[in-house]
Amino acid sequence: MKQWTFRFFNDRISLQFSARWLMVTGIWLLAVTAVFLLSLSSGSNWIPLTEVFMQVTGQIDEHAFVVETLRLPRAMMAILVGSALGVAGLILQSLVRNPLASPDIIGITSGASLGAVTFISFGAGVISMQYLPLAAIGGGLFAALLIYLISWNKGVTPIRLVLIGVGLSAIMKACVTFMLVMSETATTTKSYIWLTGSIYAASWSEVTSMIWWLLIPIPFLIVFGRGLNVTELGQDFSVSVGIRVQLQQFIFLMCSVMLAGTAAAYAGGIEFVGLMAPHIARRLVHRSFPGLAVLTALIGAFLVLIADLVARTVFLPLDIPAGVFTAAIGAPFFLYLLFRYRNQ
Amino acid sequence: MLRSPMLKLIGLISLIATVIFLFLTSLAVGQTSIPLSETWEAMISYDPNNTNHLIIGTSRLSRGLISLVVGMNLALAGVFVQALTRNPLAAPDLLGINAGAIFFIVFAITWLEVSSLSGYMWFAFLGAAIAGGTVFFLGSLGRDGLTPIKVILAGVALSALFVSFTQGMLVLDEQSIQTVLFWISGSVAGRDLDMLLSVLPFLLGALVISLFMARPMGVFSSGDDVAKGLGQKVWLTKLVMGMLVIVLAGGSVAVVGSVGFIGLIVPHMAKSLVGNDYRWILPYSGLLGAAVLLAADIIARVVIAPQEVPIGVMTAFIGGPFFIYLAKKGVSKR
């Protein structure tokens with residue numbers, strides 16, 4: 001198959017793309033664009049696709065409020081959240097070499113929830129809400145490190161990592177419930193809606209600040225990305241081809257937590273996207289990390305866009321958190337995976 | 001470990017005494033604290049003109065009794081689940097049984113407008129049966145049979161599904177969040193004795209059947225093949241254990257919401273005390289379960305008085321670290 005490999009800085013950075021990847025990515029890009037436009041045009045009042053297109057390109061101005069202030073940031077947010085979760089899941093699955101790992105099952109998401117709910121309960125009003133992502137990322141980071149430390153016993157086996165993640169996330173969820181029940185009704189409702197995973201009130205300022213947070217891990221992923229493919233082959237092998245395993249594992253874990261924590265900070269607990277997107281992507285293209293990451297991001301974006309679209313149109317005028325629908329698709333998918341890998 | 005039958009008997013009697021003591025303490029502790037001697041008086045000669053007796057009779061008695069019965073049930077459900085799946089990490093809540101029962105109850109409240117207590121109970125049984133059955137089926141697929149990791153993962157995924165559906169329904173019905181949330185997170189406060197009474201016949205029935213399960217479970221624990229060779233109808237044992245789990249765990253959820261980890265910890269405590277004989281494990285687990293839940297409830301009331309910690313949160317704080325300990329110990333041995 002035709003492949004293109006790009007190398008920079010004395011081969012320190014290498015990106016590889018295949019012809020098949022180009023085709024598959026093109027198709028998913030079209031799919032995401034289609035759902036994106038659809039989600040701009042549907043809602044409590046339907047705007048024809050042609051008018052949406054003209055509005056976005058600036059030819060007419062009659063739907064400015066609905067499209068540009070309400071729906072566009074929300075759709076953008078869905079795309080960002082989906083991509084971030086997808087890539088976070090991809091990194092984590094390669095890192096622990098277990099197809100069933102994802103940020104929500106391992107407990108990173110509950111750590112982020114704990115960080116965010118602590119912030120909402122104690123910090124709201126005192127500290128500006130724009131630091132909420134920092135709290136969520138901090139919580140996720142704390143959870144990830146704790147899980148990693150506790151499961152460490154001359155190395156980390158995936159099974160132990162998952163089981164200990166399950167246990168820790170039960171404790172952290174208990175802490176979250178504790179704080180919810182303790183705080184006043186207004187805070188409770190706010191936190192609860194946040195926890196279920198929704199992108200209700202996405203605004204432009206949130207979208208831009210989220211982009212800044214997401215930009216941080218990207219350079220690391222470009223530089224170290226190729227090492228992730230090697231990591232999948234096992235630690236001993238990685239050492240023998242000259243990779244600093246501990247350093248890379250740490251960096252990848254941090255990147256995954258940054259991405260998942262940022263997504264959780266802005267959209268709450270949207271579950272199972274980090275599990276599904278990498279699986280679908282791996283089915284479709286080769287294992288080269290950069291290509292896989294781009295495709296996973298697209299698929300994640302697609303899943304969250306669709307889930308949010310369904311969640312806010314099917315039960316009109318009610319608006320259901322998108323997380324309910326990602327779980328509705330994701331949990332059966334997870335059970336299917338469990339069935340598929342039953343002999344491992 | 002208590003080795004001789006005499007020691008085990010003494011242990012059993014002192015456990016009963018502990019449970020009675022904790023029960024009376026749970027009647028005594030609260031916003032107005034009542035001396036222990038007076039709670040005893042209220043039990044044997046109830047005087048409706050005495051304010052303290054009135055407090056005990058109207059609010060604290062139901063609470064104490066519910067903790068007592070539910071603790072017992074959850075612990076026994078844990079024993080049965082662990083025996084059935086031959087998995088030391090199993091517990092009704094980890095297998096998604098609690099989440100399933102809660103989902104069906106919330107569904108019944110918000111969509112079918114069921115409001116009778118017996119209605120909740122049947123939906124809880126249904127949810128528990130569906131969730132437990134699915135996880136058991138999914139976990140037992142594959143060459144190795146029921147491995148801990150598969151059972152746990154299936155339980156986690158199914159719980160996540162039920163929890164997010166429950167959350168979705170609650171977001172649609174915003175005014176009930178606060179009440180339902182307190183109930184979901186597990187609480188023994190503010191429940192009427194009626195709630196317990198409507199479920200009680202089933203729970204008592206299950207308790208009685210449990211006592212007859214000690215022998216078959218002992219045989220069953222030596223493996224399917226050996227049990228068959230000894231003439232046991234293995235499928236029947238499994239079926240009865242499954243039904244008991246559903247009634248014990250589902251009924252408990254209908255009364256108190258999701259109280260986790262009792263079913264995980266208590267069987268381990270019992271086994272470390274009396275070894276592997278189910279004739280001792282079952283009564284010990286029941287009593288220990290009651291003691292742990294009563295103690296957790298007392299602590300939950302006093303730590304941040306006048307507010308209360310939901311008891312499900314209390315048990316998760318105790319049980320979560322224990323689960324991690326088991327996971328670390330059990331899996332690294334493998």
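A note on names: the letters A, B, ... follow the listed sequences, proteins ahead of strands, and every chain is numbered from 1.
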**Item:** Most contacts with chain B, counted as non-hydrogen pairs under 4.5 angstrom, among Leu275(A), Ile150(A), Thr326(A)
**Value:** Ile150(A)

**Request:** Select, from Cys175(A), Ala170(A), Gly330(A), the one with the greatest count of heavy-atom pairs under 4.5 Å involving chain B.
**Result:** Cys175(A)

**Where Asn98(B) and Ser258(B) come nearest, the two heavy atoms and their spacing** =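 Shortest heavy-atom separation between Asn98(B) and Ser258(B) comes out as ND2-OG, 3.3 Å.
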
**Message:** To check you understand the geometry: which heavy-atom pair defines the closest contact between Val253(B) and Ala101(B), and what is its length?
**Reply:**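 Looking at all heavy atoms of both residues, the shortest contact is CG1-CB, 3.8 Å.
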
**Request:** Classify the ring geometry between Phe103(B) and Phe165(B) as parallel (under 30°), tilted (30 to 60°) or perpendicular (over 60°).
**Result:**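 Aromatic pair Phe103(B)/Phe165(B) classed tilted.
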
**Candidates Asp93(B), Val266(B), Ile262(B) - the one meeting side chain to side chain contact (heavy atoms under 4.5 Å, CB included) with Leu74(B)** =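 That would be Ile262(B).
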
**Phe322(B), part contacting chain A, at a heavy-atom distance under 4.5 Å** =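 Answer is neither: Phe322(B) stays 4.5 Å or more from chain A.
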
**Request:** Please flag which part of Phe178(A) lies under 4.5 Å from any non-hydrogen atom of chain B: side chain, backbone, both or neither.
**Result:**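 Both backbone and side chain of Phe178(A) come within 4.5 Å of chain B.
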
**Request:** Can you tell which part of Phe325(A) gets under 4.5 Å to a heavy atom of chain B, answering side chain, backbone, both or neither?
**Result:** neither

**Prompt:** Can you check side-chain contact (heavy atoms from CB on, under 4.5 Å) on Asp297(B) and Leu294(B), steps first, answer last?
**Reply:** CA-CA 5 Å; Asp297(B) 179 44; Leu294(B) 279 168; 5.7 Å; no

